[in-house]
S.K.: 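Got a structure for you, written out below as structure tokens; questions coming shortly.
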Amino acid sequence: MSDGAHASAAHAGTPAPAGRSAVVVGGGLAGITAALALADAGVRVTLLEGRPRLGGLAFSFQRGDLTVDNGQHVYLRCCTAYRWFLDRIEGAALAPLQDRLDVPVLDVNRPEGRRLGRLRRDALPVPLHLGRSLATYPHLSLAERAAVGRAALALKGLDLADPTLDTQDFGSWLAAHGQSARAVEALWDLVGVATLNAVAGDASLGLAAMVFKTGLLSDPGAADIGWAHVPLGELHDRLARKALDSAGVRTEVRTRVTSVSNNENGTWSVQVPGETLRADTVVLAVPQRETHDLLPPGALDAPEQLLRIGTAPILNVHVVYDRKVLARPFFAALGTPVQWVFDRTDASGLAEGQYLALSQSAAQDEIDAPVAELRERYLPELERLVPGTRGAAVKDFFVTRERTATFAPTPGVGRLRPGARTKAPGLYLAGAWTATGWPATMESAVRSGVSAADAALSALGRPRPRHLFEFEEAA
Ligand SMILES: Cc1cc2nc3c(=O)[nH]c(=O)nc-3n(C[C@H](O)[C@H](O)[C@H](O)COP(=O)(O)OP(=O)(O)OC[C@H]3O[C@@H](n4cnc5c(N)ncnc54)[C@H](O)[C@@H]3O)c2cc1C
């Protein structure tokens, strides 16, 4: 670690510096957010990240000339905290939203061959904004479309504050509300698997209802999709780092925290290899298992519960063709193992040909499959879906595997997720897996970082920065 970190946090044994200091552990979106919020409130902040870069689970790496994202990330217009974050790091223009929700959905298993449908919205109030799209959605029968409409209204009526929702699974609720297996596949799972990282049968009704109510049944534009038109690292590493530097945060990468302990005078000691940092406030913004291992005794009533929060994998399959094969920026697929396909050509810096990334959520069955097997499975599927690939040469084929991409949104997970406050004064938790009410998303990560900073600032008696993301009042 460079000497820089000492400016914000004192060595153990030396008096704590005047003013307030904080150490944030973990440089994912949650930790970056907490660090920015605390620094904006005048706290002297040190951010410690074990890896060589910021961005946590949403990052980029080089593969020859190609800049590759570890996994395709999208967000929705209703992700107000992540959008605040993009603004705060001056990156919003690099990850624009669609003007209006429009998802091409291609089914390759129809008797008549390939069939394209679209999920899009009109400029009408909720729920009419989706009415026309649903009424003409070709991947469902008339009866199924009517049943989907009824289930959507029933979903809209669910009270997200009702804790019993989290004890039920979404799949059973859908079946009880007249949804056929086809409706689950062609609509509910199409959206749900990508946002929850689980099929309906494995997902908490509470989390699923939250996603569908917020995304599709709140504001007409809520589900408009946005994604980075640059590598994720440009946003979550380079621009985030620039914002942190300007806010006065000392950021140390390649610096893994090995323990966190409280001192008798109420300050905290944070151990990194070779030295100890001291601070008034510590935010642990690391995944649940690492949090469990770093938590000092007594900080949570039942710390072992953190280990009961499961994880779920996401696989990305990357294919570089020698020519342009696809005109759309992205599409979703039915009747094939392929889930969502994105054109990554421009963002990756590819000079010639086209680079497609397949995002495969809830990938438990494939996450450890050999590359050769995945190649054999996915290239023919792409030929079925994207006629332009037939006859095109594959210049590169590789996969990225994130075994612990998200927490598993299983029924019952809600009561395992802790809030930002711990029982240890001055110690706070952040991370997409904490109790934000959201599934494991960039939105959840940013919200958790804001919550942790809010809790810390109120304990430190410091005013909230005026421009910090504001949580909406509960209805
Ligand atoms: C392939 C993939 C696709 C995804 N797709 C989407 C999507 O489309 N939309 C969406 O919203 N979300 C998506 N997500 C989820 C999203 O990336 C995460 O929810 C979010 O980035 C989590 O941020 P975080 O800060 O909570 O945690 P993390 O990103 O896990 O950050 C924690 C950080 O702590 C560091 N750390 C751990 N231990 C220590 C230690 N002891 N000392 C110092 N540092 C430590 C880690 O290195 C890491 O950088 C996807 C995730 C993956 C993997």
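Whatever order the structure lists them in is the order used to number ligands and atoms, beginning at 1.
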S.K.: Could you tell me, atom by atom, which parts of ligand 1 come under 4.0 Å of a heavy atom of Gly56?
M.R.: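 The list of qualifying atoms is 29 (O), 31 (O), 48 (C), 49 (O).
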S.K.: Can you check whether Leu29 reaches His236 side chain to side chain, under 4.5 Å on heavy atoms?
M.R.: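 With C-beta onward as the side chain, the pair touches.
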S.K.: Ignoring hydrogens, just give me the one of Gly31, Gly28, Gly50 whose non-hydrogen atom is nearest atom 43 (C) of ligand 1.
M.R.: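 That would be Gly50.
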S.K.: Below the 3.5 angstrom mark, is there an N/O of Ala405, backbone or side chain, next to an N/O of ligand 1?
M.R.: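 Ala405 vs ligand 1: no N/O contact under 3.5 Å.
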S.K.: Does any N or O of ligand 1 fall below 3.5 Å from an N or O anywhere on Met442, backbone included?
M.R.: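 Checking ligand 1 against Met442, an N or O pair does fall under 3.5 Å apart.
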S.K.: From the options Cys79, Ala285, Ser259, select the one whose nearest heavy atom is closest to atom 32 (C) of ligand 1.
M.R.: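 Of the listed residues, Ala285 has the closest heavy atom.
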S.K.: Could you work out, for atom 45 (C) of ligand 1, the closest of Asp69, Leu47, Val286, Thr258 by heavy-atom distance?
M.R.: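 Going through Asp69, Leu47, Val286, Thr258 one by one, Val286 has the nearest heavy atom to atom 45 (C) of ligand 1.
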S.K.: Around atom 48 (C) of ligand 1, find the nearest protein heavy atom and jot down its residue, atom name and distance.
M.R.: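 Looking only at protein heavy atoms, the one closest to atom 48 (C) of ligand 1 is Glu49 OE1, 3.5 Å.
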S.K.: Taking only heavy atoms of Glu290 into account, list the atoms of ligand 1 that are under 4.0 Å away from them.
M.R.: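 Ligand 1 atoms under the 4.0 Å threshold to Glu290: 38 (N).
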S.K.: For atom 39 (C) of ligand 1, which candidate among Arg256, Arg447, Arg403 holds the nearest heavy atom?
M.R.: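 The nearest heavy atom belongs to Arg256.
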S.K.: Among all protein heavy atoms, pick the one closest to atom 13 (C) of ligand 1 and tell me residue, atom and distance.
M.R.: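 The closest one turns out to be His73 CD2, 3.3 Å.
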S.K.: Return the orientation label for the His467 and Trp84 ring planes: parallel under 30°, perpendicular over 60°, tilted otherwise.
M.R.: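 Aromatic pair His467/Trp84 classed parallel.
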S.K.: Test your reading of the structure: does Val74 have an N or O sitting under 3.5 Å from an N or O of ligand 1?
M.R.: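 Indeed, backbone or side chain, Val74 has an N or O that close.
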S.K.: Just need the protein heavy atom nearest to atom 26 (O) of ligand 1, so name the residue and atom and give the distance.
M.R.: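 Heavy-atom neighbour on the protein nearest atom 26 (O) of ligand 1: Ala432 N, 2.8 Å.
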S.K.: Name all residues meeting the ring-ring contact (aromatic ring centres under 6.0 Å, His included) criterion together with Tyr137; count only those two or more places apart in sequence or in a different chain, and write none if there are none.
M.R.: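 ring-ring contact (aromatic ring centres under 6.0 Å, His included) list for Tyr137, sorted by chain: His139.
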S.K.: Could you tell me whether Lys395 atom NZ has more than 12 heavy atoms of other residues or ligands within 6.0 Å of it?
M.R.: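 No, the 6.0 Å shell around NZ holds no more than 12 heavy atoms from other groups.
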S.K.: Below 30° counts as parallel, above 60° as perpendicular, anything between as tilted: where do the rings of Phe342 and Trp340 land?
M.R.: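 The rings of Phe342 and Trp340 lie parallel, inter-plane angle below 30°.
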S.K.: Polar contacts were defined as any N/O atom of the residue lying under 3.5 Å from an N/O atom of the ligand; does this apply to Gly71 and ligand 1?
M.R.: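 No, no N or O pair falls under 3.5 Å.
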S.K.: What residue pairs, at least two apart or across chains, pass ring-ring contact (aromatic ring centres under 6.0 Å, His included) with a residue in residues 396-424?
M.R.: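 Those involving residues 396-424 are His318-Phe398.
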S.K.: Of the protein's non-hydrogen atoms, which lies at the shortest distance from atom 24 (P) of ligand 1, and what is that distance?
M.R.: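 Checking every protein heavy atom, the shortest distance to atom 24 (P) of ligand 1 gives Ala445 CB, 3.9 Å.
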S.K.: With nothing but distance in play, are any N or O atoms of Leu29 less than 3.5 Å from an N or O of ligand 1?
M.R.: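 Looking only at distances, the answer is yes, because the N/O contact criterion of under 3.5 Å is met.
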S.K.: Can you list the atoms of ligand 1 that are under 4.0 Å from a heavy atom of Ala440?
M.R.: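 Counting from 1, the qualifying ligand atoms are 15 (C), 19 (O).
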S.K.: Tell me the nearest of Asp293, Leu232, Leu57 to atom 21 (O) of ligand 1, using heavy-atom distances.
M.R.: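 Residue with the shortest heavy-atom distance to the ligand atom: Leu57.
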